[in-house]
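Bear in mind the structure is a predicted one, so any value in this text is a computation, not a measurement. The analysis underlying the following values was restricted to heavy atoms, covering all of them including side chains, and did not include hydrogens, waters or symmetry mates.
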Amino acid sequence: MLYIGVDLGTSAVKLLLMDASGEIKKIVSKEYPLYFPHPGWSEQKPEDWFAQTMEGLKELLAECDKSQVAGISFGGQMHGLVVLDEKDEVIRPAILWNDGRTTEECDYLNNVIGKEKLSEYTANISFTGFTAPKILWMKNKEPENFARIKKIMLPKDYIAYKLTGVHCTDVSDASGMLVFDVKNRCWSKEMLEICGINESQMAKIYESYESVGCVLPEIAAELGIPETTKVAAGAGDNAAAAVGTGTVGDGQCNISLGTSGTVFISSEKFGVDKNNALHAFAHADGNYHLMGCMLSAASCNKWWMDEIIGTTDYAAEQKQIEKLGENHVYFLPYLMGERSPHNDPNARATFIGMTMDTTRADMTQAVLEGVAFALRDSLEVARSLGISIERTKICGGGAKSPLWKKIIANVLNIKVDVLANEEGPSMGGAMLAAVACGEYANVEEAAAKIVKVVDTVEPDAELAAKYEARYQQFKQIYPAVKPIFPLIQ
């Protein structure tokens, strides 16, 4: 049988077709626009997501035996607010995870409702990217649109709805809304009341590997697949990537170097860090996870290469980098503000330490190192909780760079396992579909049989020591410049 994983990203939807053994048969990617109607705002049209997903599915299935397609599932960009009216039509463009308009609403939630209450209700505090402050923003700034809301959904859930007619979500994605009781895996009545909404407006909650239904007859006909094709709820992109990298069960770690960057730690037990520097979410394997999320990771390198240097040959630029651990230039990677561990939407990217002999390669190196240092910030929070992490898997576009993997291994001083494929969320989505269809008994069995480590990047003791000294300097920069950021908005 064949299984489809749909990774609904911020810049494109990536679709993956795999067989029952996990062998990838084909990958297709389709881009769609991103809109910035005001400084700090970030929106997309859900209709664009669905249109490109359907085009991608047709291309993905063009050369295969369509009768063998058994299941479809998802990994998707988290936190985005999708609102539908009574006719299930989109009311306004989706407000995305990297949108910063909700500063006032976050202040209200964190300081008036209070972080302790939020953590009690949801295991998390408010961040500008989360969904609850977006709902409050609509209530405050677009009351007419707010009054029309019949259903509130997340990005990937809109695709699931269009394929099945079912208003659904999963526990991992719902965990990032700030209206979900993570510990008890249900909607938080207190948070719904605070947001001025009711449970009937929320989607039905499923475990990530559960089937929500089959494709609609008209979808099956358009794609040429069986009407019995199951659609599983899927997961938020990071949880789906964790499934795709085998980061399931207890005490496993995955680093994702995508548009955003994450340190993802799976756990069989529910737990919250007292400062809420890490997110505590439900995991796609039926358990829980801790996650540190930085808003700009591989996107920092893309910005530096595309917009500043003006090149698409990333590898050539990285070849100029020779002296690791000896760079005097530092880069704070806060192009979109920052989430973990600082929770500061005012934070901005900053170069510091340049001199007359600073080279282009030094600046490029600083960007790569700055992302690695920021990932370590989150790892240090996990370590402060007594969690021992000795190795990590890695995925995302940035993981294709051997140099970046070497930097990360030495900055974090852990082993970095490289996988046979680095498809992350799309692979995880396909695996969740396979579990929903009974191909595997559970997510852990699917991961054990499908995910394969092909190489390990080991830290070098001498280089790790150099980076330890650099990190101690790096972590002093943000506190020093933090007071300036609100003044230069």
Hey, is the main chain of Leu96 close enough, under 3.5 Å, to the side chain of Lys134 for a donor-acceptor pair? yes
For Tyr314, run the side chain to side chain donor-acceptor pair (under 3.5 Å) check against Asn301, Thr364, Asp306 and tell me which one passes. Asp306
Please say whether more than 12 non-hydrogen atoms of neighbouring residues, nucleotides or ligands are located less than 6.0 Å from CD in Glu104. no
Any chance the rings of Phe127 and His279 have centres within less than 6.0 Å? yes
Assess whether atom CD of Glu31 is packed by more than 12 heavy atoms of other residues, nucleotides or ligands within 6.0 Å. no
Measure from the side-chain N and O atoms of Asp7 to the backbone N and O of Lys14, and report whether any donor-acceptor pair falls under 3.5 Å. no
Minimum heavy-atom separation for Ile265 to Cys253, with atom names? CG1-SG, 4.3 Å
Run the side-chain contact (heavy atoms from CB on, under 4.5 Å) test on Trp97 and Met78 for me, step by step, so that the C-alpha distance in whole Å, both residues' side-chain angles and the decisive distance to 0.1 Å come before the verdict. CA-CA 6 Å; Trp97 61 274; Met78 297 179 69; 5.6 Å; no
Can you tell me if Tyr32 and Gln44 form a side-chain donor-acceptor pair at under 3.5 Å? no
Kindly indicate whether the side chain of Leu463, heavy atoms from C-beta on, has any atom under 4.5 Å from the side chain of Lys406. yes
Do Tyr334 and Asp344 get their side chains close enough for a donor-acceptor pair, meaning under 3.5 Å? no
Residues, nucleotides or ligands: over 12 heavy atoms within 6.0 Å of Lys400 NZ: yes
Whether Glu43 and Arg101 form a salt bridge (side-chain N of Lys/Arg under 4.0 Å from carboxylate O of Asp/Glu) is what I want to check. yes
Could you check if a side-chain atom of Phe485 sits within less than 4.5 angstrom of a side-chain atom of Glu338, using non-hydrogen atoms only? no
Gln472 atom CD, over 12 foreign heavy atoms within 6.0 Å: yes
Output, in order, the C-alpha distance, side-chain angles, deciding distance and verdict of side chain to side chain donor-acceptor pair (under 3.5 Å) for Tyr471 and Asp377. CA-CA 9 Å; Tyr471 174 68; Asp377 280 342; 2.7 Å; yes
Any Pro155 side-chain heavy atom under 4.5 Å of Trp49 side chain: yes
Taking all heavy atoms of Arg470 and all of Tyr330, pick out the closest pair and write down the distance. CD-OH, 3.2 Å
Ser172 (side chain) donor-acceptor with Gly236 (main chain) under 3.5 angstrom: yes
Pairing donors with acceptors under 3.5 angstrom, does anything connect the side chains of Ser208 and Asp170? yes
Determine, step by step, whether Val6 and Thr53 satisfy the side-chain contact (heavy atoms from CB on, under 4.5 Å) criterion, reporting the C-alpha distance in whole Å, the side-chain angles of both residues, the deciding distance to 0.1 Å, and the verdict. CA-CA 8 Å; Val6 179; Thr53 297; 4.2 Å; yes
Within the structure provided, determine whether His289 and Gln252 are in side-chain contact (heavy-atom separation under 4.5 Å). no
Can you measure from CE (Met354) to CD1 (Ile352) and round to the nearest 0.5 angstrom? 8.5 Å
Would you mind checking if Glu468 and Arg376 are paired as a salt bridge, meaning a charged N to carboxylate O distance below 4.0 Å? yes
Phe74 and Leu432, any side-chain heavy atoms less than 4.5 Å apart: no
Determine, step by step, whether Leu118 and Ile113 satisfy the side-chain contact (heavy atoms from CB on, under 4.5 Å) criterion, reporting the C-alpha distance in whole Å, the side-chain angles of both residues, the deciding distance to 0.1 Å, and the verdict. CA-CA 7 Å; Leu118 295 182; Ile113 301 300; 3.9 Å; yes
Using side-chain heavy atoms (C-beta onward) and a distance below 4.5 Å, is Ile152 in contact with Met177? yes
Show the nearest heavy-atom pair for residues Arg339 and Gly129, with the distance to one decimal. NH2-CA, 4.0 Å
Show me the pairs that pass ring-ring contact (aromatic ring centres under 6.0 Å, His included) and involve residues 355-410, at least two apart or across chains. Phe373-Phe474
Please give me the minimum heavy-atom distance between Lys156 and Thr169, naming the atom from each residue. NZ-OG1, 4.1 Å
Neighbour count above 12 (heavy atom, 6.0 Å) for Lys45 NZ: no
To the nearest 0.5 Å, tell me how far His38 NE2 sits from Asp99 CG. 10.5 Å
Any donor-acceptor pair under 3.5 Å from Asp285 side chain to Asn287 backbone: yes
Non-hydrogen side-chain atoms of Thr131 and Val179 separated by less than 4.5 Å: no
How long is the gap from CG on Leu17 to CD1 on Ile4, to the nearest 0.5 Å? 6.0 Å
Say whether Asp357 and Thr355, considering side chains only, have a donor N or O and an acceptor N or O under 3.5 Å apart. yes
Please check this pair: side chain of Thr102 against backbone of Thr128, looking for a donor-acceptor N/O pair closer than 3.5 Å. yes
Indicate yes or no for a side-chain donor-acceptor contact from Trp187 to the backbone of Ala203 under 3.5 Å, with no hydrogens or angles considered. yes
Interatomic distance, CG@Asn124 vs CG@Leu109, rounded to 0.5 Å, equals 12.5 Å
How many angstroms lie between OG1 in Thr262 and CG in Leu290, if you round to the nearest 0.5 Å? 12.5 Å
If you define the side chain from C-beta out and look only at heavy atoms, does anything of Leu419 sit under 4.5 Å from Cys395? no
In short, Gly246 meets Val451 closest at the heavy-atom pair N-CG2, 3.6 Å
Is there a donor-acceptor pair under 3.5 Å between the side chain of His328 and the backbone N or O of Gly353? no
Determine the minimum heavy-atom distance between Val481 and Leu332, stating which atoms define it. CG2-CD1, 3.9 Å
CE-CD distance between Met363 and Gln320, expressed to the nearest 0.5 angstrom: 15.0 Å
Give a yes or no answer on whether the side chain of Ser73 reaches the backbone of Ala232 with a donor-acceptor pair at less than 3.5 Å. yes
So, the side chain of Asp181 versus the backbone of Cys186: is there a donor-acceptor pair under 3.5 Å, distance only? no
Please confirm whether the backbone N or O of Lys269 pairs with a side-chain atom of Ser267, one donor and one acceptor, at under 3.5 Å? yes
Thr245 and Met427: side-chain contact (heavy atoms from CB on, under 4.5 Å), yes or no, with the steps? CA-CA 8 Å; Thr245 60; Met427 188 71 186; over 6 Å; no
